[in-house]
Amino acid sequence: MKEKIIIIIPTFNESENISQMIETLENDIFPKIDRYNMNILIVDDYSNDGTAEIVKRKMLKYNNIMINQDKKKGLGEAFKRGIKFAIDKMDAGAIIKMDADFQHNPIYILDFIKKYTEGNDYIIGSRFIKGSKVPRNWSLFRKLLSKYGGLLTRSILFFPRIDTVKDVSSGFKLINVKNVLNKIDLSKISDGFCYTTEIMYKALNIGIKITETPIEFELREKGETKMPFSNILTTLRAVLMLRFSCKKYL
């Protein structure tokens, strides 16, 4: 029996994107993957724009899609909810987390699968290594936040080996369930945007080798961004707490 890989896509008001994303995965990506049983899990925070209804129609067309809904509690909480559902209800051997808005190009899933087959248990789609790109049209604030915010986070977590992981906040990744997620207490992971950095750092603490693969990060084509630019201090505080509460690494 083929190992199941579940693509977890958190959504909140993604009706403009979710249909195209599902069709792209089903018709352009999954047919190129023979070794694994590929599935999609939409984790929806009760969108009020019809996102769930679109997904449910797709479920009638494809038998490898499921949806999990609950009230909105933050992106981290949605991802944790999705992980639990993928493991308990879908028998996930690994999960891939990506966004619905095509900022994460689905084509890179093929790179993730290749690296996973080679024995890597945690693969990050990195925006900041050789071969990667970020949008030229990013605002100055976004560029500064990305460059110096990431550098500050890496300095806090990894000093003096700040290049241990180049993209500590990437939301596009593949994680093995048995070797990583089953060894992390997800109940202690934050509900906010820092959740992805926390999971990555705790994976390092249990001795998992993390690898990065370059991606070209895209601009959102439709819908509104979910990034809260107001939570910079909250994220900084979370990173500091993470560093001094997990002292095993370094």
Side-chain angles (χ1 to χ4, degrees), residues 4-33 37-92 95-109 112 125 135 137-139 142 169-175 186 189-193 195-196 215-231:
K4 281 188 177 182
I5 296 181
I6 313 299
I7 298 181
I8 297 177
I9 306 177
T11 58
F12 182 70
N13 291 347
E14 290 288 358
S15 63
E16 295 181 283
N17 298 302
I18 195 61
S19 178
Q20 183 182 352
M21 175 57 74
I22 290 174
E23 292 295 335
T24 299
L25 290 171
E26 295 285 1
N27 297 301
D28 298 339
I29 305 301
F30 292 172
K32 297 176 181 177
I33 301 171
N37 183 351
M38 303 300 295
N39 292 257
I40 301 170
L41 171 60
I42 306 300
V43 182
D44 185 64
D45 287 344
Y46 285 129
S47 296
N48 54 26
D49 69 341
T51 296
E53 287 68 28
I54 294 172
V55 174
K56 289 172 183 177
R57 288 197 294 271
K58 296 298 181 183
M59 291 170 66
L60 299 175
K61 181 178 180 181
Y62 302 106
N63 62 8
N64 61 343
I65 303 173
M66 295 190 75
I67 187 169
N68 174 267
Q69 289 185 281
D70 203 344
K71 61 183 179 181
K72 188 174 177 64
K73 298 177 182 176
L75 187 56
E77 178 61 30
F79 185 46
K80 289 187 291 181
R81 193 173 84 233
I83 290 174
K84 179 173 174 52
F85 190 93
I87 294 173
D88 294 346
K89 305 295 185 181
M90 302 177 73
D91 193 29
I95 63 95
I96 294 174
K97 187 272 175 184
M98 66 181 300
D99 294 339
D101 57 14
F102 286 89
Q103 290 187 105
H104 299 151
N105 191 325
I107 194 65
Y108 295 114
I109 290 172
F112 287 2
N137 293 335
W138 260 3
S139 67
R142 183 74 183 270
S169 61
S170 173
F172 195 12
K173 51 189 173 281
L174 181 152
I175 311 176
L186 292 175
I189 300 295
S190 71
D191 296 341
F193 270 72
Y195 79 94
T196 190
I215 65 171
E216 183 172 350
F217 190 71
E218 308 284 354
L219 284 172
R220 168 183 274 268
E221 294 183 1
K222 299 177 182 178
E224 297 181 358
T225 182
K226 308 298 192 301
M227 174 176 284
F229 292 118
S230 61
N231 75 342

May I ask you to test the [X]-[Y] pair for a side-chain heavy-atom distance under 4.5 Å?
| X | Y | answer |
| --- | --- | --- |
| I22 | R57 | no |
| I18 | K58 | no |
| I96 | I5 | yes |

Who are the salt bridge (Lys or Arg N to Asp or Glu O under 4.0 Å) partners of [X], not counting sequence neighbours?
| X | value |
| --- | --- |
| K97 | D99 |
| K84 | D88 |
| E53 | none |
| K71 | none |

What residues form a side chain to side chain contact (heavy atoms under 4.5 Å, CB included) with [X], not counting sequence neighbours?
| X | value |
| --- | --- |
| N27 | E23, Y62 |
| D28 | T24 |
| I87 | I83, V177, N182 |
| M90 | I6, N39, L41, M66, F85 |

- [ ] Please determine if D44 and K56 form a salt bridge, counting it only when a charged side-chain N lies under 4.0 Å from a carboxylate O.
- [x]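 Answer for the salt bridge query: no.
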Open item on the list: I'd like to know if K80 and D191 make a salt bridge, using a cut-off of under 4.0 Å between side-chain N and carboxylate O.
Closed with: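 Looking at K80 and D191, the cut-off is met.
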Could you tell me the separation between the [atom1] atom of [X] and the [atom2] atom of [Y], rounded to the nearest 0.5 Å?
| X | Y | atom1 | atom2 | value |
| --- | --- | --- | --- | --- |
| N17 | T11 | CG | OG1 | 10.5 Å |
| E16 | T51 | CD | OG1 | 9.0 Å |
| I109 | I33 | CD1 | CD1 | 6.5 Å |
| M59 | I40 | CE | CD1 | 11.0 Å |
| F79 | L186 | CZ | CG | 8.5 Å |
| I29 | M21 | CD1 | CE | 9.0 Å |

Can you name the side-chain hydrogen bond (donor to acceptor under 3.5 Å, both in side chains) partners of [X], sequence neighbours left out?
| X | value |
| --- | --- |
| S170 | none |
| N48 | N13 |
| E26 | N64 |

Looking only at heavy atoms, which two atoms of [X] and [Y] are closest? And how far apart?
| X | Y | answer |
| --- | --- | --- |
| I54 | S15 | CD1-O, 3.6 Å |
| I215 | G125 | CD1-O, 3.6 Å |
| A86 | I95 | CB-CG2, 4.2 Å |

Open item on the list: Quick one, V43 with I8, criterion side-chain contact (heavy atoms from CB on, under 4.5 Å). Give me CA distance, side-chain angles, the key distance, then yes/no.
Closed with: CA-CA 7 Å; V43 182; I8 297 177; 3.8 Å; yes
TODO: Take Y108 and M98 through the test side-chain contact (heavy atoms from CB on, under 4.5 Å) and record every step on the way to the result.
DONE: CA-CA 10 Å; Y108 295 114; M98 66 181 300; over 6 Å; no
Task: K72 (side chain) donor-acceptor with F12 (main chain) under 3.5 angstrom - done: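 Pair absent, no side-chain N/O of K72 close to backbone of F12.
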Task: With F217 via ring pair (Phe, Tyr, Trp, His ring centres under 6.0 Å) - residues at least two apart - done: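 Testing F217 for ring pair (Phe, Tyr, Trp, His ring centres under 6.0 Å), a comparison that skips the adjacent residues, returns H104, W138.
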